[in-house]
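Worksheet for the structure shown next.
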Number of protein chains: 2
Amino acid sequence: MSPTKEDYLKILFELGGRTEQVPNKEIANRLNISPPTVTEMMNSLVKSGWVAYTPYKGSKLTREGTEYAKKLIRKHRLWEVFLVKHLGFSINEVHTEAEMLEHATSTILADKLEHYLDYPAHCPHGGAISVEHMDAQEVRTLHLTEAEIGVPVRISRIVDDEKLLHYFKNHDLKIGDPVTVTDKDSGLDLLTLHHGTSNKEIQISQTVAQYLFVEHI
Amino acid sequence: MSPTKEDYLKILFELGGRTEQVPNKEIANRLNISPPTVTEMMNSLVKSGWVAYTPYKGSKLTREGTEYAKKLIRKHRLWEVFLVKHLGFSINEVHTEAEMLEHATSTILADKLEHYLDYPAHCPHGGAISVEHMDAQEVRTLHLTEAEIGVPVRISRIVDDEKLLHYFKNHDLKIGDPVTVTDKDSGLDLLTLHHGTSNKEIQISQTVAQYLFVEHI
DNA sequence: GTTTTTATTTAGGTTACCCTAAACTAATGA
DNA sequence: TCATTAGTTTAGGGTAACCTAAATAAAAAC
């Protein structure tokens, strides 16, 4: 498996490719790659058994593909913990570094690293590290956009993407913060929150809010 | 720079490409690649300024190429220290892991890692870590094959290659051991040593002895 | 139920990195 | 010095991963 193909599997996972068919365009957007290249790659991933692909519909991960993606994400998150806790990187810096390291990490190395880090439960962005917990976390958590108006929730995870992390930092939102959605305006793509700790009103775009995960308190 | 090209620079450095012209065949052998591929790659490395290449003669690193190679070797050795000291890998296992990690390591990451490891002087195979020490080490140390008969020396460095490390382990040779060359037979490709710590006679092939470095005691 | 728009695919092309077979240089040795 | 051999290069070819432009399919809008 090449780093390139690993990236496709991971993105597919992050876009919900375990349960739903992910359209080519979304993958193309995320990876900054042209749609024809995605089609080509999907055919190749189908041949090696990682992906089930329906032309004009989209791609889903096979069971093997899902397992592979989870292992990659585990490696990614383990490195993030190491980089933040031991090397002193800031949460916003680690994504790019971990993105490179994950492809250069054998299973043995990941296991030894996990032991060294004393089996952390979550990465600095709140994502579950153990392959078993990843699914459980998915069940418990919901997208901020899905939270009901007036129901208090707690931010439990942020999809780790450099730009997104900056956006949330600029809006004073971080993991563990209690928030309550007070208004949703789809036309303006706006979501209004009451921020529990600062007691302030915060407005963020719904598009971006999709990448914030919350849990019921 | 691709990992592939980085490997070419590193091998060139290890084969003495700072000072001498390294023939294509040696590179081809080391990387398990066909000679025409090496020619092609050298032309490409010349174009980007890393290598000076004389057709039919061989390749030398430019100053920039040498600097680049040293930085890679530094990253490699830093990871080896981490893998052995903190993750509990054995000396023989770390080479392959470090070989992958080095290409995925930014300068910032290497710097932070070095700080975390408390600025180690040598990798587990005895190789100098700081770019400045690498040259100094070269001046001080000599190939075991160059050691004079009867003059006691100490093993200071082993080129870290999986097969070589196994070979030396099988012959009970490790870093720090005092040895004295008692005989050299070029016809049989044999080198006979008196091993200071065990007080035994050890015979190893001269071909392999080229990868053992020693210092005068 | 057409038409228009959007998404996807096909076709054809590029670069990086690898290969083998054949041609050519350079070194060796009779 | 000329022939043989060892090493290198040229020629031609392959796959992976990207691209753009054009064709086609599906979804949305009228």
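The chains referred to below are lettered A, B, ... by the order of the sequence lines, with proteins before strands, and numbering in each begins at 1. Hydrogens, waters and symmetry mates play no part in the numbers below; they use all other heavy atoms, side chains included. This one's a predicted model, so the numbers in the text were calculated from it and none came from an experiment.
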task: Not counting sequence neighbours, which residues clear salt bridge (Lys or Arg N to Asp or Glu O under 4.0 Å) with Asp111(A)? List them please.
output: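 Once residues adjacent in sequence are excluded, the partners of Asp111(A) under the salt bridge (Lys or Arg N to Asp or Glu O under 4.0 Å) criterion are Arg74(A).
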
task: Taking salt bridge (Lys or Arg N to Asp or Glu O under 4.0 Å) as the test, write out the residues that go with Arg77(B), two or more places apart.
output: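 With sequence neighbours excluded, Arg77(B) shows a salt bridge (Lys or Arg N to Asp or Glu O under 4.0 Å) to no residue whatsoever.
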
message: In whole Å, I'd like the distance from the CG atom of Asn43(B) to the C1' atom of dT9(D).
response: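 After rounding, the gap between these two atoms is 10 Å.
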
- request: Could you state the atom-to-atom distance from CE of Met42(B) to C1' of dC17(C) in whole Å?
  value: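 Going from Met42(B) (CE) to dC17(C) (C1'), I get 13 Å.
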
Going by atom type alone, with no hydrogens or angles, which donor-acceptor pairs under 3.5 Å involve a side-chain atom of residues 33-43 of chain B and a protein atom two or more places apart or on another chain?
from: Ser34(B); atom 1: OG; to: Thr37(B); atom 2: OG1; distance (Å): 2.9
from: Thr39(B); atom 1: OG1; to: Asn24(B); atom 2: ND2; distance (Å): 3.3
from: Thr39(B); atom 1: OG1; to: Pro35(B); atom 2: O; distance (Å): 3.3
from: Asn43(B); atom 1: ND2; to: Thr39(B); atom 2: O; distance (Å): 3.2

- prompt: Sequence neighbours excluded, which residues qualify as ring-ring contact (aromatic ring centres under 6.0 Å, His included) partners of Tyr56(A)?
  reply: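 Applying ring-ring contact (aromatic ring centres under 6.0 Å, His included) to Tyr56(A) gives none.
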
field: Contacts of type ring-ring contact (aromatic ring centres under 6.0 Å, His included), residue His76(A), not counting sequence neighbours
entry: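 So His76(A) forms a ring-ring contact (aromatic ring centres under 6.0 Å, His included) with His95(A).
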
message: Restricting to side-chain contact (heavy atoms from CB on, under 4.5 Å), what partner residues turn up for Ser205(B), sequence neighbours left out?
response: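 For Ser205(B) the side-chain contact (heavy atoms from CB on, under 4.5 Å) partners, ignoring immediate neighbours, are Tyr167(B), Asp189(B), Thr207(B), Val208(B).
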
For nucleotides 1-7 of chain C, list the nitrogen or oxygen atoms of the protein found under 3.5 Å from its nitrogen or oxygen atoms, one pair per line.
from: dA7(C); atom 1: OP2; to: Lys25(A); atom 2: NZ; distance (Å): 3.2

task: Tell me whether the OP1 or OP2 atom of dA27(C) has a side-chain N or O from Lys57(B) closer than 4.0 Å.
output: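 Yes, such a contact exists.
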
- prompt: Is the distance from OP1 or OP2 of dA16(C) to the nearest side-chain N or O of Lys47(B) less than 4.0 Å?
  reply: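 It does not, given that no N or O in the side chain of Lys47(B) lies less than 4.0 Å from OP1 or OP2 of dA16(C).
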
message: So, using side chain to side chain donor-acceptor pair (under 3.5 Å) as the criterion, who are the partners of Thr4(B) when residues are at least two apart?
response: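 Here no residue qualifies.
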
message: How would you summarise protein contacts on nucleotides 16-21 of chain D per nucleotide, using B for base, S for sugar-phosphate only and - for none, with heavy-atom distances below 4.0 Å?
response: -SBBBB

Side-chain touch Tyr68(A)/Phe13(A), heavy atoms, less than 4.5 angstrom: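 SC-SC contact between Tyr68(A) and Phe13(A) ruled out.
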
